[in-house]
Amino acid sequence: MLLGKTSNHSAVPHSPILAPSLLAGDHAHLAASARLIAEAGISWVHLDIMDGHFVPNLTFGPQTVTALRRNSSLFFDTHLMLDEPHRYIEAFAKAGSNLISIHIEPSYDHRATLARIRALGCQNGIVLNPGTPAEAVRDLLPEVDLVLVMTVQPGFGGQAFRPAMLEKLTTLDAWRREGNLTFRLEVDGGIDLVTGSSCRRAGADTFVAGTSFFSAADPRAYAQAIASW
Ligand code: DX5
Ligand code: ZN
C-alpha cells in the first residue's frame with residue numbers, strides 16, 4: 001500500500017516507571033516501607049490485593065489502603081487478584097487508589113468494570129495470567145490505561161520470571177503501536193534489573209518489583225537504573 005499510511009511505529013514510548021510491591025515490604029510497618037520507596041525518589045507503589053480464591057493467598061483490603069493513603073502521597077497502583085473484583089472497585093477507589101487493575105480470567109462484566117473504575121476517578125488496568133493469551137484482552141485495549149502482563153503465576157512474591165512472557169509483551173506492544181494506543185504495559189513477577197531490561201526491550205514500560213527492590217543494597221540506585229532504560 002502506497003497511500004493512506006504513514007508509520008506503524010509512530011507512538012512515543014512511555015518513560016519507564018518502577019512500582020515496588022509492598023508485598024515484599026514489612027507488613028508490620030507498611031507505612032515505613034512506603035516511605036522507603038518515596039525516599040528512593042520513586043513515585044509509584046504496587047499494592048497486591050488477594051482474596052484466597054482467585055489466588056491461594058491473602059493480603060490486605062481497603063482499610064489498609066485507606067491507612068496507607070493517610071501516610072503516603074505515592075501513586076497507588078492497586079492490583080486486584082479477586083474472583084469478584086467488581087464488588088470491591090468502589091471501596092478501593094474511596095480508599096485512595098490511583099489505578100485499579102482487574103484480571104481478565106474470572107467471569108464478570110470486564111468492560112463495565114473498567115468503565116466504572118474510570119467513572120470513580122481512577123485509571124484502569126487489565127491483567128493477564130501467564131496462561132492467558134494476549135488475544136483475550138485485544139478488544140479492551142482502546143478502553144484501558146494499563147495492561148499488566150503477569151510474568152509469574154500470581155499469589156506469591158519471590159518466584160522465577162517466565163521468559164515465555166516476552167513474546168506476549170511484543171504482541172501487545174505491536175498492537176499498541178498499530179492502534180496508536182497509549183496504555184502502559186506493565187510486568188509483574190520475578191522482575192529485577194536483568195529480567196526487567198529484557199521486558200523493556202520487548203515493549204514494557206512499567207515494572208513491578210517486590211523481592212528485588214526490597215533486597216537492593218541501594219534502593220535509589222536501583223530506581224535510577226530503571227529510570228535510565
Ligand atoms: C504476585 C504479585 C506481585 C509480587 C511480585 O502475585 O502480583 O506483585 O509482589 O513479587 P516479586 O517481585 O518478588 O516477584
Ligand atoms: Zn502484583
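Counting starts at 1 for both ligands and their atoms, following the listed order.
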Original post:
Taking both backbone and side-chain atoms of Ile191, is any N or O found less than 3.5 Å from an N or O belonging to ligand 1?
Top reply: no
Subject >> Smallest separation among heavy atoms of Arg184 and Ser15, with atom names >> reply: NH2-O, 3.1 Å
**OP:** Quick one: report the N, O or S atom of His79 that is nearest to the Zn ion (ligand 2).
**Re:** ND1
**OP:** Indicate yes or no: does an N/O atom of Leu23 lie under 3.5 Å from an N/O atom of ligand 1?
**Re:** no
Subject >> Taking atom 12 (O) of ligand 1 as the reference point, the nearest protein heavy atom with its distance >> reply: Gly210 N, 2.7 Å
**OP:** Name the closest protein heavy atom to atom 3 (C) of ligand 1, giving the residue it belongs to and the distance to 0.1 Å.
**Re:** Asp188 OD1, 2.8 Å
Subject >> Min N/O separation Gln153 to ligand 1 under 3.5 Å >> reply: no
Original post:
Do the charged groups of Arg176 and Asp205 touch, with an N to O distance under 4.0 Å?
Top reply: yes
**OP:** Please indicate whether His29 has more than 12 foreign heavy atoms, meaning atoms of other residues, nucleotides or ligands, lying under 6.0 Å from its NE2.
**Re:** no
Original post:
What are the two closest non-hydrogen atoms of Leu99 and Gly125, and how far apart are they?
Top reply: CD2-N, 4.4 Å
Subject >> Within the 6.0 Å centroid threshold, strictly below: Phe207 and Trp229 >> reply: yes
Subject >> Element-labelled atoms of ligand 1 that are located less than 4.0 Å from some non-hydrogen atom of Gly189 >> reply: 14 (O)
Subject >> Enumerated ligand 1 atoms positioned under 4.0 Å from heavy atoms of Met50 >> reply: 6 (O)
**OP:** Kindly give the heavy-atom pair with the smallest separation between Ile42 and Pro20, and that separation in Å.
**Re:** CG2-CD, 3.7 Å
Original post:
Does Gly158 come within less than 4.0 Å of ligand 1, judged by its heavy atoms?
Top reply: yes
Subject >> Residue Thr211 vicinity, atoms of ligand 1 by number, heavy atom under 4.0 Å >> reply: 11 (P), 12 (O), 13 (O)
Original post:
Taking only heavy atoms of His79, which atoms of ligand 1 are found under 4.0 Å from at least one of them?
Top reply: 7 (O)
Original post:
Looking only at protein heavy atoms, which one is nearest to atom 6 (O) of ligand 1, and how far off is it?
Top reply: Gly155 N, 2.7 Å
Original post:
Is Asp48 in contact with ligand 1, taking contact as a heavy-atom separation below 4.0 Å?
Top reply: yes
Subject >> Which of the ligand 1 atoms, numbered from 1, are nearer than 4.0 Å to a heavy atom of Gly157 >> reply: 10 (O), 13 (O)
**OP:** Show which atoms of ligand 1 fall inside a sub-4.0 Å distance from at least one heavy-atom site of Pro154.
**Re:** 6 (O)
Subject >> Note: Arg111-Asp139 ion pair, threshold 4.0 Å (strictly below) >> reply: no
**OP:** Would you kindly specify which portion of Phe156 sits under 4.0 Å from ligand 1, judged on non-hydrogen atoms: side chain, backbone, both or neither?
**Re:** backbone
Original post:
Considering only protein heavy atoms, which is closest to atom 14 (O) of ligand 1, and at what distance to one decimal place?
Top reply: Gly190 N, 2.8 Å
Original post:
Using 4.0 Å as the upper bound for N to carboxylate O, is an ion pair formed by Arg118 and Glu143?
Top reply: no
Subject >> Shortest non-hydrogen separation from Ser72 to Leu74 and the atoms involved >> reply: OG-N, 3.1 Å
**OP:** Would you indicate whether Glu167, at its atom CD, is surrounded by more than 12 heavy atoms from other residues, nucleotides or ligands within a distance under 6.0 Å?
**Re:** no
Original post:
Can you name the closest pair of heavy atoms from Gly52 and Leu58 and give their distance?
Top reply: N-CD2, 3.6 Å
Subject >> Cationic N near anionic O, under 4.0 Å, Glu135 to Arg138 >> reply: no
**OP:** State the atoms of ligand 1, each with its element, that fall below the 4.0 Å cut-off from a heavy-atom position in Met81.
**Re:** 6 (O), 7 (O)
**OP:** Just give me the atom name: the N, O or S atom of Asp188 closest to the Zn ion (ligand 2).
**Re:** OD2
Subject >> Contact (N/O only, under 3.5 Å) between Ala209 and ligand 1 >> reply: no
**OP:** Provide the number and element of each atom of ligand 1 under 4.0 Å from a heavy atom of His46.
**Re:** 8 (O)
**OP:** Would you name the N/O/S atom of Asp48 that lies closest to the Zn ion (ligand 2)?
**Re:** OD1
Subject >> Centroid separation His103 to His110 less than 6.0 Å >> reply: no
